[in-house]
Amino acid sequence: MPPAPSSRAARRQRLTRRRRVVAGGASTVIVGALTVGVFGFIGSLDEDPRGARAAPA
């Protein structure tokens, strides 16, 4: 027996829920990328700007 057609309100709720899930996933990716970038930047501040090959003789 085929399922009953969904109402307009039910479709709207599913669409809203799907958008929230996608927005949550996207925000997680963005926050993760920013966190990695910030820690990478902070780590680069501790490095010697001349590089490891410029050791004094």
Side-chain angles (χ1 to χ4, degrees):
M1 184 170 172
S6 59
S7 67
R8 185 177 298 184
R11 283 190 302 248
R12 190 178 308 134
Q13 286 177 348
R14 280 195 310 268
L15 185 58
T16 302
R17 193 176 315 124
R18 189 175 303 142
R19 285 179 181 161
R20 285 182 184 160
V21 169
V22 170
S27 65
T28 301
V29 169
I30 290 170
V31 168
L34 288 173
T35 303
V36 168
V38 166
F39 280 112
F41 176 71
I42 291 172
S44 71
L45 295 176
D46 293 336
E47 294 177 2
D48 186 11
R50 295 172 295 179
R53 289 181 275 166

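- Apart from Ile42 itself, the hydrophobic cluster it occupies contains Val38, where clustering links Ile, Leu, Val, Met, Phe, Trp and Tyr at side-chain heavy-atom distances under 4.5 Å.
- Clustering of Ile, Leu, Val, Met, Phe, Trp and Tyr by side-chain heavy atoms under 4.5 Å joins Phe39 with none of the others.
- Considering Val22, Leu15, Val21 as possible partners of Arg19, the one that fulfils the side chain to side chain contact (heavy atoms under 4.5 Å, CB included) test is Leu15.
- Apart from Ile30 itself, the hydrophobic cluster it occupies contains Leu34, where clustering links Ile, Leu, Val, Met, Phe, Trp and Tyr at side-chain heavy-atom distances under 4.5 Å.
- With sequence neighbours excluded, the residues that form a side-chain hydrogen bond (donor to acceptor under 3.5 Å, both in side chains) with Arg14 are Ser6.
- With sequence neighbours excluded, the residues satisfying side-chain contact (heavy atoms from CB on, under 4.5 Å) with Arg20 are Thr16.
- For Ser27, there are no side-chain contact (heavy atoms from CB on, under 4.5 Å) partners, not counting sequence neighbours.
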